[in-house]
A.B. asks: 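First the structure, then my questions, so here it is.
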Amino acid sequence: MAIRRIDRRTVPDTVFEQLVDEVLDGELAPGAALPAERALAEALGVSRPTVREALQRLAHTGLVEVRQGGSTTVRDYRRHAGMDMLPRLLVRQGEIDPAVIRSILETRLVLGREVAGLAAERAGARLTAELGAALEALAAQPDPITQQITAMAFWDHLVDAADSIVFRLLYNDLRAVYEPALAALAGLMAAEVSQVERYRAVADAVIAGDGATARATAESLLSLAAKQFDTVLGQVRTP
């Protein structure tokens, strides 16, 4: 465990961030016991209350288990952490993790397919104006980054119309990860967001109230980015 002394101007957040990195990078393995509060405070050069606050935040994220009067044990983040860890997992040590990108695209495809189907079944023609305006805006955008932003507005309408709080919260989490990486993902996402007619096919099925076709057309659309990712990854891995 590579302990570094902490700049006191950013003590609470920095202690938390350092411990999170140690867990996610595997420096602190699942089942490992953290040093006692006093020892950890001395190693970090901070107060015990600061360490205690950081450990409580870690426990809240699911990364450690704090036993009253006992040791603090590292948990397996894959089993206990929530979606709030996804942005941290996406970029590790300054590099985007391809496995996390693939996972996000897979989840996005499944989520988008069901959202489109539910929007068709629960809203249908009531979305005519919103989806029509979103399609016009998408068709008018030549820039890949702006196209991504405009496409998100299209999906926002569908998520709202799906009327599922769980899908909405999942979408919010995925969007929070995706938005900071818009520029980095522009080349990958261009294969999808430039396909206005495919977006139009989704919209037509939704407005018609055809859940089955909405699901099929949404899956066909969202699979474009996943296929492009596999192509790019294959080119990178080819010697």
A.B. asks: Under a 4.5 Å cut-off applied to non-hydrogen side-chain atoms, are Thr61 and Val20 in contact?
C.D. replies: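 No, side chains not in contact.
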A.B. asks: Closest approach of Ala184 and Ile96, non-hydrogen atoms and distance?
C.D. replies: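 For Ala184 and Ile96, the tightest heavy-atom pair comes out as CB-CD1, 4.2 Å.
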A.B. asks: For Arg88 and Glu17, run salt bridge (charged side-chain N to carboxylate O under 4.0 Å, His left out): C-alpha distance rounded to whole Å, both residues' side-chain angles, the deciding distance at 0.1 Å, then the answer.
C.D. replies: CA-CA 10 Å; Arg88 300 173 185 275; Glu17 296 290 341; 2.5 Å; yes
A.B. asks: Give the C-alpha distance, both sets of side-chain angles, the deciding distance and a yes or no for side-chain contact (heavy atoms from CB on, under 4.5 Å) between Leu118 and Asp163.
C.D. replies: CA-CA 8 Å; Leu118 289 175; Asp163 193 24; over 6 Å; no
A.B. asks: Does any donor atom in the side chain of Ser47 or Thr50 lie under 3.5 Å from an acceptor atom in the other side chain?
C.D. replies: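 Yes, a side-chain donor-acceptor pair sits under 3.5 Å.
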A.B. asks: Which of these passes side-chain contact (heavy atoms from CB on, under 4.5 Å) with Leu44: Val11, Thr14, Val15?
C.D. replies: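 For Leu44, the side-chain contact (heavy atoms from CB on, under 4.5 Å) check succeeds only for Val15.
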A.B. asks: Is the closest basic N to carboxylate O distance between Arg215 and Glu121 below 4.0 Å?
C.D. replies: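 A salt bridge links Arg215 with Glu121.
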A.B. asks: Going by atom types alone, do Arg67 and Thr73 pair a side-chain donor with an acceptor below 3.5 Å?
C.D. replies: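 Arg67 vs Thr73: donor-acceptor pair found between side chains.
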A.B. asks: Return the CD to CG distance between Glu197 and Asp204, rounded to the nearest 0.5 Å.
C.D. replies: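 It comes to 9.0 Å.
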A.B. asks: Using a strict threshold of under 4.0 Å (side-chain N to carboxylate O), is an ion pair present between Asp13 and Arg57?
C.D. replies: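 Yes.
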A.B. asks: Indicate yes or no for a side-chain donor-acceptor contact from Asp25 to the backbone of Glu27 under 3.5 Å, with no hydrogens or angles considered.
C.D. replies: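 Flag not set: sc Asp25 to bb Glu27 has no pair under 3.5 Å.
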A.B. asks: Measuring from atom CZ of Arg52 to atom CG of Leu40, what distance do you get when rounded to the nearest 0.5 angstrom?
C.D. replies: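 One finds 11.5 Å between CZ of Arg52 and CG of Leu40.
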A.B. asks: Does the side chain of Leu222 come within less than 4.5 Å of Trp155's, by heavy atoms?
C.D. replies: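 Yes; the side chains approach each other to less than 4.5 Å.
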A.B. asks: Indicate yes or no for a side-chain donor-acceptor contact from Thr150 to the backbone of Thr146 under 3.5 Å, with no hydrogens or angles considered.
C.D. replies: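 Yes, the answer is positive, given that a donor and an acceptor are paired below the 3.5 Å cut-off.
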A.B. asks: Testing the basics here: between Ala205 and Thr217, what is the closest heavy-atom pair and its distance to 0.1 Å?
C.D. replies: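 Shortest heavy-atom separation between Ala205 and Thr217 comes out as CB-OG1, 4.3 Å.
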A.B. asks: How far apart are the C-alpha atoms of Ser220 and Arg198, what are their side-chain angles, what is the distance that settles it, and do they pass the side-chain hydrogen bond (donor to acceptor under 3.5 Å, both in side chains) test?
C.D. replies: CA-CA 8 Å; Ser220 176; Arg198 287 180 180 260; 2.8 Å; yes
A.B. asks: Working to the nearest 0.5 angstrom, can you tell me the gap between Leu63 CG and Leu19 CG?
C.D. replies: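 Here the rounded value is 9.5 Å.
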A.B. asks: Is any side-chain heavy atom of Arg102 closer than 4.5 Å to a side-chain heavy atom of Asp230?
C.D. replies: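 A side-chain contact under 4.5 Å exists here.
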A.B. asks: Return the CD1 to CG distance between Ile104 and Leu111, rounded to the nearest 0.5 Å.
C.D. replies: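 These two atoms lie 12.5 Å from each other.
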A.B. asks: Please determine whether a side-chain nitrogen of the Lys or Arg among Glu192 and Arg108 lies less than 4.0 Å from a carboxylate oxygen of the Asp or Glu.
C.D. replies: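 Salt bridge: yes.
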A.B. asks: In the structure I gave you, are the side-chain heavy atoms of Arg200 and Val196 within less than 4.5 Å of one another anywhere?
C.D. replies: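 In short, these two side chains touch, coming nearer than 4.5 Å.
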A.B. asks: Might you point out which heavy atoms bring Val51 and Ala41 nearest each other, and give the distance in Å?
C.D. replies: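 Between these two residues, the closest heavy atoms are CG2-CA, 3.6 Å.
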A.B. asks: Applying side-chain contact (heavy atoms from CB on, under 4.5 Å), run through Val91 and Asp97 and close with a yes or a no.
C.D. replies: CA-CA 6 Å; Val91 181; Asp97 187 335; over 6 Å; no
A.B. asks: Return the OG1 to CD distance between Thr72 and Gln56, rounded to the nearest 0.5 Å.
C.D. replies: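 These two atoms lie 10.0 Å from each other.
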A.B. asks: What are the two closest heavy atoms between Ala225 and Leu188, and how far apart are they?
C.D. replies: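 Scanning both residues completely, I find the closest heavy atoms to be O-CD1, 3.5 Å.
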A.B. asks: May I have the step-by-step check of side-chain contact (heavy atoms from CB on, under 4.5 Å) for Tyr77 and Met85, ending in yes or no?
C.D. replies: CA-CA 9 Å; Tyr77 72 85; Met85 285 294 109; 5.6 Å; no
A.B. asks: Any side-chain heavy-atom pair from Val110 and Glu106 closer than 4.5 angstrom?
C.D. replies: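 Not touching, per the 4.5 Å side-chain cut-off.
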A.B. asks: Between Arg175 and Asp156, is the closest basic N to carboxylate O distance under 4.0 Å?
C.D. replies: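 A salt bridge links Asp156 with Arg175.
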A.B. asks: Between Ser71 and Leu34, is there a side-chain heavy-atom distance shorter than 4.5 Å?
C.D. replies: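 Not touching, per the 4.5 Å side-chain cut-off.
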A.B. asks: Please report the closest heavy-atom contact between Val193 and Leu138, naming both atoms and the distance.
C.D. replies: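 Closest approach of Val193 to Leu138: O-CD1, 3.6 Å.
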A.B. asks: Verify side-chain contact (heavy atoms from CB on, under 4.5 Å) between Val202 and Phe154, making sure each step is shown before the conclusion.
C.D. replies: CA-CA 10 Å; Val202 175; Phe154 177 91; 4.2 Å; yes
A.B. asks: Is a side-chain N or O of Arg122 found less than 3.5 angstrom from the main chain of Ala162, in a donor-acceptor match?
C.D. replies: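 At least one qualifying donor-acceptor pair exists.
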A.B. asks: For Thr213 and Asp210, indicate whether the former's side chain and the latter's backbone hold a donor-acceptor pair under 3.5 Å.
C.D. replies: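 No.
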A.B. asks: Ignoring hydrogens and angles, tell me if any N or O in the side chain of Thr231 forms a donor-acceptor pair with the backbone of Lys227 under 3.5 Å.
C.D. replies: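 Pair found, side chain donor or acceptor close to backbone of Lys227.
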A.B. asks: Side chains of Leu174 and Leu86, heavy atoms from C-beta outward: is any pair under 4.5 Å?
C.D. replies: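 The answer is yes, as the side chains (C-beta and beyond) meet within the 4.5 Å cut-off.
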A.B. asks: Is the closest side-chain heavy-atom distance between Met189 and Tyr178 below 4.5 Å?
C.D. replies: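 In contact.
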A.B. asks: Mind listing the closest non-hydrogen atom pair of Ala161 and Leu127 along with its distance?
C.D. replies: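 Taking Ala161 first and Leu127 second, the nearest heavy atoms are CB-CD1, 3.5 Å.
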A.B. asks: About how many Å separate OG of Ser164 and OH of Tyr171, when rounded to the nearest 0.5 Å?
C.D. replies: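 The distance works out to 14.0 Å.
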